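Mind having a look at this structure? Questions to follow.
If you're wondering where the values come from, they're calculated on a predicted model, not measured in any experiment. By convention in this document, chain letters (A, B, ...) are assigned in the order of the sequence lines, proteins followed by strands, and residues within each chain are numbered from 1.
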2 protein chains.
Amino acid sequence: MAADHLSPKFAALADPTRRAILARLALGESSVTELAEPFDMSMPAISKHLKVLEHAGLIARGREAQWRPCRIEPQALKDVNEWLEEYRRLWEQRLDRLEDYLRKLQSKAPKEKKRGRKK
Amino acid sequence: MAADHLSPKFAALADPTRRAILARLALGESSVTELAEPFDMSMPAISKHLKVLEHAGLIARGREAQWRPCRIEPQALKDVNEWLEEYRRLWEQRLDRLEDYLRKLQSKAPKEKKRGRKK
DNA sequence: AGGTTAAATAACCTTTCGGTTAAATACAGA
DNA sequence: TCTGTATTTAACCGAAAGGTTATTTAACCT
């Protein structure tokens with residue numbers, strides 16, 4: 001157990017073409033040809049991208065006649081999110097510090113009012 | 001503007017060694033040698049991993065005498081989180097459907113009680 | 001100045017990635 | 001059964017990834 005399922009997911013997401021494909025699939029199922037349409041790229045290239053996404057668990061594919069409709073697999077993104085969650089406090093903490101800083105600036109502001117502003 | 005800052009971040013996260021380094025840095029600053037210690041890997045290899053993380057904006061490095069302490073840059077992870085947010089409804093939606101399904105199962109359950117259970 | 005420690009760089013190697021074109025496969029429909 | 005349409009597979013290519021060892025740089029400490 002505990003194989004590294006995250007690496008292939010991150011690797012799949014590291015390509016803008018594949019992220020664009022995911023964005024498209026977030027709107028609904030689509031065939032390979034439809035998915036390929038926006039890109040200036042050969043069909044085999046798209047086919048390879050889809051295979052990468054599939055192996056990462058980010059998409060799944062059905063079969064309808066000669067079409068192989070693709071759909072997004074949200075669970076895979078949820079897995080990524082769960083990894084990220086471990087770090088959430090880090091950026092929220094930093095945000096808190098920024099808020100503290102801004103609050104301090106604001107409480108100082110009245111004193112500063114007397115000074116002229118640089119043109 | 002609008003350069004692709006996400007690809008290098010995802011690419012950096014696609015390696016388990018680098019994710020382990022990040023996990024370590026989430027606990028606090030660390031020198032390169034300290035970071036290298038848990039891995040069965042040469043120092044230059046670690047050095048390269050750190051460079052990848054740095055270029056992705058995931059870590060930053062200081063200078064203290066002959067040490068180059070590394071620290072995590074939470075903002076980069078926040079950026080990844082923001083990308084992921086666009087898809088959140090997808091997995092939450094699916095979870096809702098599962099909950100609906102389980103609720104239906106439960107309301108059906110009393111009827112099922114009368115049947116014997118398979119051994 | 002000389003020696004030690006911390007880290008980066010250079011040069012190299014093998015594997016993987018992202019693309020190509022050409023050929024093969026799978027199915028639908030006349 | 002032949003033809004067109006959708007998609008994959010095969011073979012190839014150059015570039016990038018991830019590792020190595022050997023060398024270099026940088027800063028500290030006598």
Reckon H49(B) has a side-chain N or O less than 4.0 Å from the OP1 or OP2 of dA17(D)?
no
Please report how far the helix from dA1(C)-dT30(D) to dA30(C)-dT1(D) bends, comparing the axis fitted to its first five pairs with the axis fitted to its last five, to the nearest 10 degrees.
10°
Taking atom P of dG18(C) as reference, at what distance in whole Å does atom CD1 of I21(A) sit?
12 Å
Rounded to whole Å, how long is the line connecting atom CD of E64(B) with atom P of dA26(D)?
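Computing the E64(B):CD to dA26(D):P distance gives 19 Å.
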Pairwise salt bridge (charged side-chain N to carboxylate O under 4.0 Å, His left out) hits with a residue in residues 26-48 of chain A, at least two apart:
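Qualifying pairs: none.
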So if I apply the side chain to side chain contact (heavy atoms under 4.5 Å, CB included) rule between C70(A) and each of L58(A), L35(A), L53(A), which one comes out positive?
L35(A)
Qualifying ring-ring contact (aromatic ring centres under 6.0 Å, His included) pairs, either residue in residues 44-83 of chain A, two or more places apart
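Counting only pairs at least two positions apart or across chains, the ring-ring contact (aromatic ring centres under 6.0 Å, His included) contacts touching residues 44-83 of chain A are F10(A)-W83(A), W83(A)-Y87(A).
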Side-chain N or O of K51(A) less than 4.0 angstrom from OP1 or OP2 on dT9(D)?
yes
Respond yes when some side-chain nitrogen or oxygen of R61(B) is under 4.0 Å from OP1 or OP2 of dA7(C), and no when none is.
no
Whole angstrom value for the distance that separates C1' of dT21(D) from CE of M41(B)
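From M41(B) CE to dT21(D) C1': 16 Å.
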Under 3.5 Å donor-acceptor, S7(A) side chain and A14(B) backbone:
yes
Cluster question for you: counting only ILVMFWY and a side-chain heavy-atom cut-off of under 4.5 Å, with indirect links fine, are F39(B) and V52(B) together?
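No, no single cluster joins them.
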Whether R18(B) side chain and A12(B) backbone form a donor-acceptor pair below 3.5 Å:
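Answer holds: yes.
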Using a heavy-atom cut-off of under 4.0 Å over every strand shown, decide if A45(A) touches base, sugar-phosphate, or nothing.
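Counting heavy atoms under 4.0 Å across all strands, the contact made by A45(A) includes a base.
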Can you check the D40(B) CG to dT21(D) P distance for me, whole Å?
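After rounding, the reported distance stands at 11 Å.
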Please give, in whole Å, the distance from dA8(C) P to L53(B) CG?
12 Å
For atom CD1 of I46(A) and atom C1' of dT8(D), their distance in whole Å
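So the two atoms are 14 Å apart, to the nearest Å.
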For dT8(D), does either OP1 or OP2 sit under 4.0 Å from a side-chain N or O belonging to S47(A)?
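Result: yes.
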Roughly how many Å is it from CH2 in W67(B) to P in dT4(C), rounded to a whole number?
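So the two atoms are 16 Å apart, to the nearest Å.
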S42(B) side-chain N/O to dT20(D) phosphate OP1/OP2 under 4.0 Å
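The answer is yes; a side-chain N or O of S42(B) sits under 4.0 Å from OP1 or OP2.
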Is the shortest distance from a Lys or Arg side-chain nitrogen in R88(A) or E85(A) to a carboxylate oxygen in the other one below 4.0 Å?
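Yes, charged N to carboxylate O under 4.0 Å.
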Where each residue is assigned the nucleotide of DNA chain C containing its nearest heavy atom, which of R63(A) and K48(A) is assigned the position nearer the 5′ end?
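Closer to the 5' end of DNA chain C: K48(A).
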If you assign P44(A) and Q66(A) each to the DNA chain C nucleotide with the nearest heavy atom, which residue ends up on the more 5' nucleotide?
P44(A)
What is the distance, to the nearest angstrom, from the CG atom on D15(B) to the C1' atom on dC17(C)?
15 Å
